[in-house]
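Report on the following structure.
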Amino acid sequence: MPPATPELISPRSPRVVAARRLAKRNFRGKERLFLAEGPQAVREAAGHLAGGAATLVELFATLEAAERYADIVGAARDAGARVHLAAEQVIADISTTVTPQGLVGVCRFLDTPFEEVLAARPRLVALLANVRDPGNAGTVLRCADAAGAEAVVLTDASVDVYNPKAVRASVGSLFHLPVAVGVPVEHAVDGLRAAGVRVLAADGAGDRDLDDELDKGTMGGPTAWIFGNEAWGLPEETRALTDAVVRVPIHGKAESLNLATAAAVCLYASARAQRAAGGCRSVTGN
């Protein structure tokens with residue numbers, strides 16, 4: 001049972017100040033730590049290992065949250081994380097959300113070297129090139145996880161995947177699959193192609209239609225999808241690096257699809273084609 005009063009009551013506590021600083025990218029990079037907020041993210045972090053070490057190193061919890069999510073707090077302790085029972089004001093001070101859920105974890109960086117991604121011979125990869133919105137980045141990561149992708153790669157010009165908004169938008173998927181960061185787009189394309197992966201650019205102005213590619217049976221092999229910037233898409237020099245530029249067909253009157261929706265359509269199209277090609281993939285995990 002938790003004590004009647006929290007141990008951390010002041011936002012000026014050194015532990016609280018150190019955690020709050022992780023909302024800023026420069027401090028995250030210096031400490032190689034990031035924040036995971038809410039029960040879903042903390043649960044996934046508590047069960048995750050990065051480089052053989054527990055990813056979750058510290059947990060701040062209100063008394064109410066510690067009681068409600070006793071299993072998560074227990075898992076955090078089992079993982080070796082320091083658990084602090086904190087006043088609601090302390091949690092609100094650390095949290096980057098308007099309505100905190102009472103749990104905030106401090107986690108080690110967990111990105112995977114790009115060379116390890118290639119060595120695993122992935123069959124489905126999402127590559128984010130110049131994606132700047134953290135919510136979009138996290139949502140694409142979630143889509144990639146749901147579609148059964150083996151990795152997500154963010155180029156050196158893309159948003160920080162450890163931005164609190166990106167972590168929240170991934171809804172725990174950040175802890176489920178390898179994520180490589182800071183990879184130059186040319187290096188990413190060359191490496192994937194050398195690993196036998198077909199590289200496709202998703203672009204509304206593409207000269208190939210996704211439906212046609214599926215009908216022709218060209219989508220069953222290892223595939224990486226490149227998704228570009230939310231406002232201006234992929235530059236010509238990036239499209240020129242790829243094996244094909246593919247558009248998602250618009251059958252109704254919508255002007256376009258947003259980034260995350262287009263990513264979900266493309267990734268699921270590849271996942272289904274790969275299953276049909278050889279029974280090599282199941283997005284249900286069976």
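Quick note: residue numbers are just sequence positions, from 1.
Closest of all the heavy-atom pairs between L35 and A23 is CD1-N, 4.3 Å. In terms of heavy-atom proximity, G228 sits nearest to V131 at O-CG2, 3.5 Å. The two residues V17 and P11 make their nearest non-hydrogen contact at CG2-O, 3.8 Å. When all heavy atoms of M219 and W225 are compared, the pair lying nearest together is CE-CZ2, 3.4 Å.
The side-chain hydrogen bond (donor to acceptor under 3.5 Å, both in side chains) check on E236 picks up R239, with sequence neighbours excluded. For D243, the side-chain hydrogen bond (donor to acceptor under 3.5 Å, both in side chains) partners at least two apart in sequence or on another chain are R193. R108 pairs by the side-chain hydrogen bond (donor to acceptor under 3.5 Å, both in side chains) definition with nothing, not counting sequence neighbours.
Rounding to the nearest 0.5 angstrom, the gap separating the CG atom in L56 from the CZ atom in F175 is 8.0 Å. For the atom pair NE2 of H187 and CG of L192, the computed distance is 9.5 Å after rounding to the nearest 0.5 Å. The distance from atom NE2 of H176 to atom CD of E44, rounded to the nearest 0.5 Å, is 3.5 Å.
Residues R15 and E58 are paired through a salt bridge, judged by an N-O separation under 4.0 Å between the basic side chain and the carboxylate. A salt bridge links R198 to E213: one of the charged nitrogens lies within less than 4.0 Å of a carboxylate oxygen. With respect to D160 and K24, no salt bridge is recorded, no charged nitrogen being found less than 4.0 Å from a carboxylate O.
The backbone N or O of V171 sits nowhere less than 3.5 Å from a side-chain atom of S173 that would complete a donor-acceptor pair. A distance-only check finds no donor-acceptor pair linking the side chain of E64 to the backbone of G102 [under 3.5 Å]. Side-chain atoms of S270 do not come within 3.5 Å of backbone N or O of L267 as any donor-acceptor pair. Checking side-chain atoms of R132 against main-chain N and O of A157 turns up a donor-acceptor pair under 3.5 Å.
A side-chain donor from one of T155 and S158 sits under 3.5 Å from a side-chain acceptor of the other. A donor atom on one side chain and an acceptor atom on the other are not found under 3.5 Å apart for E88 and T62. R208 and T218 share no donor-acceptor pair across their side chains, judged by distance under 3.5 Å alone.
Between F109 and Y162, the ring planes are parallel. Angles under 30° get that label, and only those over 60° would be called perpendicular.
Enclosure of atom CZ in R247 by more than 12 non-hydrogen atoms of other residues, nucleotides or ligands within 6.0 angstrom is indicated.
At a threshold of 4.5 Å between non-hydrogen side-chain atoms, the residues L141 and V161 count as touching.
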